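Structure first, commentary second.
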Amino acid sequence: MKAFLVRIKDKPAQEITAERLSAREALQSLQVGGLDRVAAVRVNGVPCDLSCDLGNEATLEPIYVHTEEGLGILRHSTAHVMAMAVKELFPGIKVTIGPAIENGFYYDFDYERPLKEDDLPAIEEKMEEIVEADLPFTRQEMSSQEAIGFFSDQGETYKVELIQDLGAESVSLYSQGSFTDLCRGPHIPSTGMIKAFHLTHVAGAYWRGDENRPMLSRVYGVAFSDPKNLKKHLRQLEEAQKRNHVKLGPQLGLFNTYEEIGAGMIVWHPKGAMLRHVLETFEVQEHLKRGYELARGPQLLKTELWKKSGHFENYRENMYFTEVDEQSYGIKPMNCLAHMLIYRSEIRSYRDLPKRYFELGTVHRHERSGVLHGLFRVREFTQDDAHIICTPDQLNGEIKGVLDFVKDIMGFFDFEYDLEISTRPRKSIGSDQDWELATGALIRAMEDNRLEYDMNEGDGAFYGPKIDVKLKDALGRSWQCATIQCDFTLPDKFDLTYVDKDGERHRPVMIHRVILGAVERFIGVLIEHYAGAFPTWLAPVQAVVLTVTDRNIPFAQNVTKGLEDADVRVEGDFRNEKLGFKVREAQVQKIPYMVIIGDKECENNQVTPRLKNGQNLSPMPVKELIDRIKDECEQRR
RNA sequence: GCCAGCGUAGCUCAGAUGGCAGAGCAACUGAUUUGUAAUCAGUAGGUCGUCGGUUCGACUCCGUCCGCUGGCUCCA
């Protein structure tokens, strides 16, 4: 018999004498409630199975299945259940990896044919059986060599590869029923804890994300500790779908794509073009306020220049080329080159720096066809791009300035965002020293501004490291918007200089940066953020004048004219229809103000505004409405 | 690019197993003159994404191309 000293975190310890003691037994004797809802347990901070044996002293924290961490474990276990079901249904199929992910789980399989959506019901049915059977998850340790033998015998070559790559002495295996998987764990006690799950979709996925390796079948699913939560989740997905900019955009007359024009090319309809115009005007103002100068380069630049900059060498696959008068030209995928030449067109003094050139620059990039998506990934887009050329001493201050700019704009739109620093990619130019310097500058600026960030190794631009700002769409997918990139190489390649106090020429450094990122993508995020109901200052149509009857048309025309003259973006709906019909249409179009004109209004020379939330304002003179709208525009509400 | 799903009227969608292409909304015409989310009636509208094949016959089956959607390490 041994003595075990156990406690729940922050509670008094209890001594238990036993031959051996599992975490479950300890929790029982510590009288922890709701044990049937405990997915796993932290033992001295390490996540473990409930069945794990404790050492002689242990601080325990139960992980309940409804918590985020508990759900992750439940989902991971559900992935194992799915793998078991799939192996039973498709003999000879190979399992690979199956982690829990945000909002669900997946498992990748290799089979003689790709799995299809039609296969899912059968898999779900089989999973149901496994859950019903309430099979316990059991863990065993095995030496890597033994485990390799074990999986080789089953033909599970991917597992063998994983174990070899791990390079550990021993590995852990988890089994439920006849199914055994290589896994770190922990897992839920038994399959019966899975109260609700649903397989959502299948997709192809390369083994280890590498397109040179086999294409696997990935099955995605969700799992919950309570069927109610599954229903809730599915409802939320439906709600998110209503915000989908790919649907809303064309419905609201903002933009469309045309098969006959080409993939990844957006056509802006009048309302969308107006929205862009408002946003771009705002952008220009915000830049001018912050000491940027406007600049503008052409779409076509000689291929020779792209060779000089390194784009031809490093970015060619993403570029379009054409020939003009037997000269090769490249369509710009970035805006920097013209700005370099603008800088170089004069001798620059240290007194002139920093130079900040801003351009709403339209670029073309050849994105792979499969990644195109609505406004979020397109082949032609406009960046709110700027290049800051400064002395090395100014670099930190300039980066911090841009970070503040980003914070202002994102705060202005009420966006939450994540920050990421990306480091040197395999295909890149420049010396190690410059890369270190540049990466260090980014990290320092982040830390000076006390910002939290993730590291994304090897994902930088070919000419320098970058800070990325990521926003989430309605479905929780994150998209890069703002980015700040340090560049020591282009100033070198273009021999940019400034004359310093010492009278000598020195090399400036450069920052590439965008705030919104691509106007297209940003508008996509905006549409989803506002669910298409834009605030007054952004709304392409701010007001629609609605007549009750034909008698009211002359006055309504006056009102419309008055609003137009005051630069309100207004439309008139004088059709011979019932008011309810016209209100409905304006509502569906999410127009901020409906201006109702009936006999009463005509008599009193007033208008009755109806807000898109359904609220009626009391009748007022047109002037008052104009002031109200103007005020909202000024305050950008 | 690769894997899966999808493409029928301007929009949303029906159209078992191959046998003359349908509805609602929108559009147009007329009636109605309307007070806060759909007034009524009529008319018109389609090379079933493209091109090719199989077949007596293809929206339907096969192939090609075009386009759209989801996904392509959140690491056992």
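The model shown is predicted, which means the values in this text are computed figures rather than measured ones.
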Near A:Glu317 CD, under 6.0 Å, is it more than 12 heavy atoms from other residues, nucleotides or ligands?
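Yes, enclosed.
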Does CD in A:Glu452 sit with more than 12 non-hydrogen atoms of other residues, nucleotides or ligands closer than 6.0 Å?
no
Taking the side chain of A:Arg610 as heavy atoms from C-beta outward, which of B:rU33, B:rU36, B:rC3 is closest to it?
B:rU36
Is a donor from one side chain sitting under 3.5 angstrom from an acceptor on the other, for A:Thr608 and A:Glu601?
yes
Consider only side-chain N and O atoms of A:Asp418 and A:Tyr453, and report whether a donor and an acceptor are under 3.5 Å apart.
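The criterion, which ignores hydrogens and geometry beyond distance, is not satisfied for A:Tyr453 and A:Asp418.
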Specify the separation, in whole Å, of atom [atom1] of [X] and atom [atom2] of [N].
{"X": "A:Lys578", "N": "B:rC40", "atom1": "NZ", "atom2": "P", "result": "8 Å"}
{"X": "A:Tyr111", "N": "B:rA4", "atom1": "OH", "atom2": "C1'", "result": "16 Å"}
{"X": "A:Arg365", "N": "B:rG1", "atom1": "CZ", "atom2": "P", "result": "19 Å"}
{"X": "A:Leu237", "N": "B:rU69", "atom1": "CG", "atom2": "C1'", "result": "15 Å"}
{"X": "A:Leu617", "N": "B:rG35", "atom1": "CG", "atom2": "P", "result": "21 Å"}
{"X": "A:Glu112", "N": "B:rC3", "atom1": "CD", "atom2": "P", "result": "17 Å"}
{"X": "A:Asp118", "N": "B:rC3", "atom1": "CG", "atom2": "P", "result": "18 Å"}
{"X": "A:Arg377", "N": "B:rG1", "atom1": "CZ", "atom2": "P", "result": "15 Å"}

Could you say whether A:Glu260 or A:Lys116 is positioned toward the 5' end of RNA chain B, judged by the nucleotide with the nearest heavy atom to each?
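Upstream on the strand: A:Lys116.
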How do A:Gln251 and A:Ile597 order along RNA chain B: which one's closest nucleotide is nearer the 5' end?
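Whichever sits nearer the 5' end wins; that is A:Gln251.
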Ring pair (Phe, Tyr, Trp, His ring centres under 6.0 Å) partners of A:Phe105, counting only residues at least two apart:
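For A:Phe105 there are no ring pair (Phe, Tyr, Trp, His ring centres under 6.0 Å) partners, ignoring immediate neighbours.
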Tell me the closest heavy-atom pair linking A:Gly460 and A:Ser422, and the distance in Å.
N-CB, 3.6 Å
If I compare all heavy atoms of A:Trp207 with all of A:Ile97, which pair ends up nearest, and what's the gap?
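A:Trp207 and A:Ile97 have their closest heavy atoms at CZ3-CG2, 4.3 Å.
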Could you tell me whether [X] contacts a base, only the sugar-phosphate backbone, or nothing, with contacts defined as non-hydrogen atoms closer than 4.0 Å?
{"X": "A:Gly580", "answer": "sugar-phosphate"}
{"X": "A:Asp165", "answer": "nothing"}
{"X": "A:Gln241", "answer": "nothing"}
{"X": "A:Gly253", "answer": "nothing"}

[N] and [M]: how far apart are their [atom1] atoms, nearest whole angstrom?
{"N": "B:rG19", "M": "B:rU60", "atom1": "P", "result": "10 Å"}
{"N": "B:rG18", "M": "B:rU29", "atom1": "P", "result": "44 Å"}
{"N": "B:rA23", "M": "B:rG46", "atom1": "C1'", "result": "14 Å"}
{"N": "B:rA58", "M": "B:rU54", "atom1": "C1'", "result": "10 Å"}

Go along nucleotides 70-76 of chain B 5' to 3' and tag each nucleotide: B for a protein heavy atom under 4.0 Å from its base, S when only backbone or sugar atoms are that close, - otherwise.
BBBBBSB
For [X], what residues pass the salt bridge (Lys or Arg N to Asp or Glu O under 4.0 Å) criterion, not counting sequence neighbours?
{"X": "A:Arg610", "value": "none"}
{"X": "A:Arg113", "value": "A:Asp119"}
{"X": "A:Glu156", "value": "A:Lys87"}
{"X": "A:Lys582", "value": "none"}

Any side-chain N or O of A:Ser217 below 4.0 angstrom from OP1/OP2 of B:rC3?
no
Excluding sequence neighbours, so at least two apart, what forms side-chain contact (heavy atoms from CB on, under 4.5 Å) with A:Tyr206?
A:Glu211, A:Met215
Not counting sequence neighbours, which residues clear side-chain contact (heavy atoms from CB on, under 4.5 Å) with A:Val246? List them please.
A:Asn244, A:His373
Where does RNA chain B pair, written as one dot-bracket string 5' to 3', with Watson-Crick or G-U pairs under 3.5 Å, ( ) inside the strand, [ ] for crossing pairs and | for another strand?
(((((((..((((.....[..)))).(((((.......))))).....(.(((..]....))).))))))))....
Sort me out a list of protein N/O and nucleotides 29-31 of chain B N/O pairs below 3.5 Å, or just none if empty.
none

Aromatic plane relationship, A:Trp479 with A:Phe376 - under 30° parallel, 30 to 60° tilted, over 60° perpendicular:
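Plane angle between 30° and 60°, so tilted.
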Sequence neighbours left out, cut at 3.5 Å: what donor-acceptor pairs do the side chains of residues 256-265 of chain A make with other protein atoms?
residue: A:Tyr258; atom: OH; partner: A:His269; partner atom: NE2; Å: 2.7

Report, one pair per line, the protein and nucleotides 44-51 of chain B atoms (nitrogen or oxygen only) whose separation is under 3.5 Å.
none

